[in-house]
Amino acid sequence: FSTIRVVCNGAEEKNKCIDKYFYIEVGGDSDMTVKLYATADGKRESDVTEVRVTPGGDAPVWGGRNSHLFYMPTLDFLLSNRPDTASLDQLAGYIQNKTVPEIQKATGKKTNLIFAIIPDPATCYYDEQRDYVQHAVQIPPESAMKAFVEKMNSIGGDVCAVDLLTALRAHKDEHIYFSTDTHYTELGAYYSYLEIMKKVRSDYPKAKVRTLDSGDYHVDYVDVGGGDMAGMMGFSDLKEVVPFFVADFTDTGSYYVSKRNDGIKAAGFGPSGWQRDSELKSSSNPTCYFLGDSYGCYILPFIGANFSKVWTNPGVLWNYSIDKDILTTN
């Protein structure tokens with residue numbers, strides 16, 4: 001990382017530079033001059049660079065400290081976020097009295113339900129929000145996550161939730177989210193997967209878990225095109241260096257792999273011909289029925305490489321209805 005010192009309208013602050021880019025939010029309703037100074041470990045501070053800034057634009061993006069960018073609808077969530085006890089009680093009752101019995105009946109065996117809410121970057125980097133955002137947020141996001149996790153875990157039996165907010169925040173200084181996109185990177189998905197597998201191992205102690213430390217994967221950092229927020233800001237040529245996981249094992253069948261347009265093997269959003277159902281060649285690990293969204297597609301390769309069989313709904317993403325035929329057949 002390098003550090004950018006910003007002087008604007010008599011105020012001064014320092015921002016980390018993520019990759020080769022930095023993002024700075026400056027307040028004002030007229031043209032202004034911003035002075036920038038750069039430094040890094042072992043380097044003296046640079047000479048000043050002056051930039052003339054003109055306010056304007058309506059991109060649905062806002063900036064935090066240290067070059068973090070966030071998608072505007074998630075600000076609305078932060079501001080309106082409440083741990084709604086009545087709704088949580090209703091949800092828990094529905095899961096306990098309807099969802100679980102119907103799943104157990106369809107499978108004919110003990111079936112665990114694991115709920116994993118993956119926090120968006122605005123939630124994970126709450127401490128990086130500027131003061132005006134934090135002052136407007138009535139309840140910190142970790143309170144809502146804690147309330148949800150505790151309620152799900154209070155159901156008991158075969159239902160649980162994992163706290164991915166705490167797990168990801170433990171690595172928030174690593175490249176776990178894109179700087180130009182609303183999603184987490186494969187590194188963020190990897191840490192989330194490890195947290196989920198802790199729960200799996202508590203029920204299946206002999207389940208194999210593939211990790212970086214055991215040599216199952218290595219990480220390549222690759223310069224790729226900017227993500228969805230880059231497009232929202234009109235910076236179509238923006239790029240960033242992103243961590244990609246490469247599998248160093250061969251004892252697997254059709255575990256989830258898609259191809260980016262640049263040919264890099266990655267989780268990402270798969271093409272229409274995506275292989276949905278996964279089966280390992282030889283594994284005593286449990287099976288999995290996976291429901292998820294666009295964040296789910298980044299974690300799916302890890303799930304597919306660590307459960308003996310995995311099934312998803314047609315379309316894979318954003319299809320949350322439980323298909324009893326899949327459960328009964330498999």
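In this view, D323 satisfies the salt bridge (Lys or Arg N to Asp or Glu O under 4.0 Å) rule with no residue, not counting sequence neighbours. Partners of K109 by salt bridge (Lys or Arg N to Asp or Glu O under 4.0 Å), not counting sequence neighbours: none found.
Under a cut-off of 6.0 angstrom, the local environment of NZ in K110 is crowded, with over 12 non-hydrogen atoms contributed by other residues, nucleotides or ligands. For Y94, the OH atom is loosely surrounded, since the number of other residues' heavy atoms within 6.0 Å does not exceed 12. Other residues, nucleotides and ligands contribute only 12 or fewer heavy atoms inside 6.0 Å of the CG atom of D41. Residue D31 qualifies as enclosed at atom CG: its count of foreign heavy atoms under 6.0 Å is above 12.
Ring orientation note: the planes of F70 and H68 are close to parallel, at an angle under 30° on the 30°/60° scale. Ring pair H183/Y295 is tilted by interplanar angle, where 30° to 60° counts as tilted. Between F245 and F302, the angle of the ring planes goes over 60°, which puts this pair in the perpendicular group of the 30/60° scheme.
N330 and Y289 form no side-chain donor-acceptor contact under 3.5 Å, judged by distance and modelled atom types alone. Side-chain polar atoms of T211 and D213 form no donor-acceptor pair below 3.5 angstrom.
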For this session: Any chance you could lay out the side chain to side chain contact (heavy atoms under 4.5 Å, CB included) test for M152 and I117, step after step, and finish with the verdict?
Result: CA-CA 12 Å; M152 292 299 101; I117 294 180; over 6 Å; no
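The closest donor-acceptor contact from the side chain of N313 to the backbone of N319 lies under 3.5 Å.
Of all heavy-atom pairs between S308 and N285, the closest is OG-O, 2.7 Å.
The aromatic ring centres of Y125 and Y177 sit less than 6.0 Å apart.
Under a hydrophobic-cluster definition in which Ile, Leu, Val, Met, Phe, Trp and Tyr are linked whenever side-chain heavy atoms come within less than 4.5 Å, directly or via other members, Y217 and Y221 are assigned to the same cluster.
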Got a list of side-chain donor-acceptor pairs under 3.5 Å for residues 5-14, not counting sequence neighbours?
| unit_1 | atom_1 | unit_2 | atom_2 | d |
| --- | --- | --- | --- | --- |
| R5 | NE | E45 | OE2 | 2.9 |
| R5 | NH1 | E12 | OE1 | 3.4 |
| R5 | NH2 | E45 | OE1 | 2.8 |
| E13 | OE1 | N15 | ND2 | 3.0 |
| E13 | OE2 | R130 | NH1 | 3.0 |

